[in-house]
2 protein chains.
Amino acid sequence: MPHRNSGHHPPVISLTAAQESPVYGHGMQSRRPASRTGRPRSATADAAILAATREALVELGWSKLTLGDVATRAGVAKTTLYRRWAGKNELVVDAVAELFDELELPDSGSLAADIEGVVLQFAAILARPEAKSGLMAVVAESTREDALRSRVRASIVDRQKRLVVEGRARAQARGELPAEPDPSTAARTVDLIFDMVAGAVVHRTLVSGEPVDEEWVRGFTAVLLRGLAAEAGRTAAG
Amino acid sequence: MPHRNSGHHPPVISLTAAQESPVYGHGMQSRRPASRTGRPRSATADAAILAATREALVELGWSKLTLGDVATRAGVAKTTLYRRWAGKNELVVDAVAELFDELELPDSGSLAADIEGVVLQFAAILARPEAKSGLMAVVAESTREDALRSRVRASIVDRQKRLVVEGRARAQARGELPAEPDPSTAARTVDLIFDMVAGAVVHRTLVSGEPVDEEWVRGFTAVLLRGLAAEAGRTAAG
DNA sequence: GGCATTACGCTACGACTCGTAGCGAAAGCT
DNA sequence: AGCTTTCGCTACGAGTCGTAGCGTAATGCC
């Protein structure tokens with residue numbers, strides 16, 4: 001249970017102040033004076049709303065999910081929902097992001113076992129219906145809205161990518177992967193690995209609709225590792 | 001210009017009859033007696049509707065796209081739209097599927113060049129805003145509806161996968177990839193390659209939001225090919 | 001304690017979209 | 001001709017959206 005998040009899923013303005021960002025509202029109220037005085041927002045309402053959102057995602061899916069329905073399920077007024085989230089997109093991002101809290105990098109001693117462990121965890125999350133219907137929908141919407149894209153990146157994507165960074169560092173320390181001294185090259189390699197791993201698992205689960213079982217993971221890891229083994233200093237090859 | 005499609009994008013019941021499938025309607029009219037007599041459906045209306053759908057996808061995105069708006073753009077009545085498509089999902093699938101018509105397998109003589117060519121084509125399609133906003137949205141919806149899933153698979157996914165099958169066969173003929181006599185193992189390998197290639201490109205483009213340029217493609221292809229080179233008969237390795 | 005400030009639940013509202021029904025006219029086939 | 005199906009159009013009830021307004025509840029500051 002390492003690295004506790006410093007306030008991700010508390011949805012919008014996590015009472016911690018220290019940010020005057022435009023993250024808050026829909027654009028309705030202009031200023032946000034750090035929220036010092038007044039009645040604080042109910043934290044239990046947040047949890048109830050996000051849980052209700054996931055429940056509605058399972059039962060209704062993305063397109064038929066309505067904020068009024070979520071409010072009823074959560075036992076709060078619809079207006080409360082609109083005070084905290086700008087709309088359906090932002091709400092679902094936060095609701096889905098909580099699913100990825102359990103994602104952890106195992107320390108199994110070998111890079112292959114690490115990858116297989118992470119991939120199986122990732123696949124288990126993606127197999128849940130609330131993740132299936134919610135995740136790709138917000139990704140699709142985020143291609144049109146920069147604010148939503150940033151939110152998805154901060155809440156979901158970057159947390160996954162960190163596992164790649166850490167796992168790669170461990171593997172390099174063990175000598176299983178070649179070191180890359182140039183930080184720019186290293187960043188590109190991390191991006192490539194991340195897109196290959198996450199992309200393959202997501203595509204297998206959501207597009208192909210096939211399960212990510214141990215047999216598939218073994219085959220995938222074998223191909224990936226063989227491809228990465230001697231992957232130093234050849235980006236300029238032609 | 002090989003393999004001309006035998007009628008994909010003509011949206012629903014391509015006048016070719018020869019199918020009594022449940023593909024047609026919303027479930028409103030029960031039977032479809034092969035549509036022999038009567039006024040035929042306007043083919044130009046189909047093209048106009050699908051083009052209008054892509055236009056609306058670019059300007060409005062998935063969630064704000066309405067069928068009434070598409071009908072107005074296409075110059076047809078809203079009722080005409082509902083006579084041909086069951087809803088927004090089916091319409092967008094057909095509109096997006098047409099984007100992938102141009103996808104072709106180059107015959108460049110080496111597997112690496114073939115992969116790089118296909119990936120760049122695929123990435124160019126995904127870079128278009130109508131593909132970005134539409135494709136992932138219908139994939140998300142298809143996780144809840146089997147009928148929609150079949151439609152996505154038939155119209156989009158299987159056409160992509162065929163490129164993998166053909167490219168792999170050519171590479172095996174050249175000796176660049178090991179042969180796999182067992183058809184079951186071969187099918188699993190094709191699925192793995194497909195999910196790795198398509199998944200990485202999709203993830204890079206839509207989730208990471210980074211461009212698939214030649215540099216990235218070279219790096220990706222290098223890793224993939226090295227991983228596949230000696231990939232015969234080791235699925236049972238432990 | 002009192003006061004200012006903010007969040008809450010509730011109701012109500014206009015605007016919009018949905019999907020369908022019904023009509024008369026148009027465009028094919030035999 | 002006659003038959004059949006599609007087309008454009010209008011209209012409709014149902015449902016959702018996002019906001020406004022109100023009175024009340026819960027905090028911090030003096």
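These numbers come from a predicted model, not from an experiment. Computed over heavy atoms, backbone and side chain alike; hydrogens, waters and symmetry mates excluded.
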- Query: Rounded to whole angstrom units, what separation is found between the CG atom of A/L81 and the P atom of D/dA20?
  - Reply: 17 Å
- Round to a whole Å and report the spacing from CG of B/L91 to P of C/dG19. 12 Å
- Query: Below 4.0 angstrom, N of the basic side chain to O of the carboxylate: do B/E215 and A/R188 qualify?
  - Reply: yes
- Task: Check the distance between D/dG18's C1' and A/W85's CH2 and give it to me in whole angstrom.
- Result: 17 Å
- Task: Answer yes or no for B/K132 and B/W62: cation-pi contact, defined as NZ/CZ to six-membered ring centre under 6.0 Å and angle to ring axis within 45°.
- Result: no
- Task: Assess whether salt bridge (charged side-chain N to carboxylate O under 4.0 Å, His left out) is satisfied between A/K88 and A/E141, documenting all intermediate values.
- Result: CA-CA 10 Å; A/K88 202 206 269 199; A/E141 292 295 315; over 6 Å; no
- Given C/dG19, C/dG9, D/dC17, the nucleotide with the shortest approach to the side chain of B/K78: C/dG19
- Electrostatic pair B/R162-B/D158, nearest N-O below 4.0 angstrom: no
- Query: Near DNA chain D, under 4.0 Å by heavy atom, which residues of residues 65-75 of chain A?
  - Reply: A/T66, A/L67, A/G68
- Length of the line joining B/R41:CZ and D/dT4:P, which is rounded to integer Å: 18 Å
- Item | Selection from C/dT11, C/dA21, C/dC18 that lies nearest to any side-chain heavy atom of B/T79 | C/dA21
Kindly give the atom pairs (protein nitrogen or oxygen, nucleotide nitrogen or oxygen) under 3.5 Å for nucleotides 23-30 of chain C.
unit_1 : atom_1 : unit_2 : atom_2 : d
C/dA26 : N3     : B/R39  : NH1    : 3.0
C/dA27 : O4'    : B/R39  : NE     : 3.4

- Message: Show the nearest heavy-atom pair for residues A/A56 and A/L65, with the distance to one decimal.
- Response: CB-CD1, 3.7 Å
- Interatomic distance, CG@B/D94 vs CD1@B/I156, rounded to 0.5 Å, equals 8.5 Å
- Query: Can B/E98 and B/R54 be counted as an ion pair, charged N to O under 4.0 angstrom?
  - Reply: yes
- Message: So that I can tick it off, tell me whether B/D46 and B/R41 are bridged by a salt bridge, with the cut-off set at under 4.0 angstrom between side-chain N and carboxylate O.
- Response: no
- Measure from CG on A/N89 to C1' on D/dC17 and round the result to the nearest Å. 14 Å
- Message: Distance check needed: C/dT17 C1' versus A/K88 NZ, whole Å only.
- Response: 13 Å
- Task: In whole angstrom, give the distance that lies between atom CD of B/E90 and atom P of C/dG19.
- Result: 10 Å
- d(NZ, B/K64; P, D/dC17) in whole Å: 14 Å
- Hey, what's the ring geometry for B/H203 with A/F194, parallel, tilted or perpendicular (30° and 60° as the breaks)? perpendicular
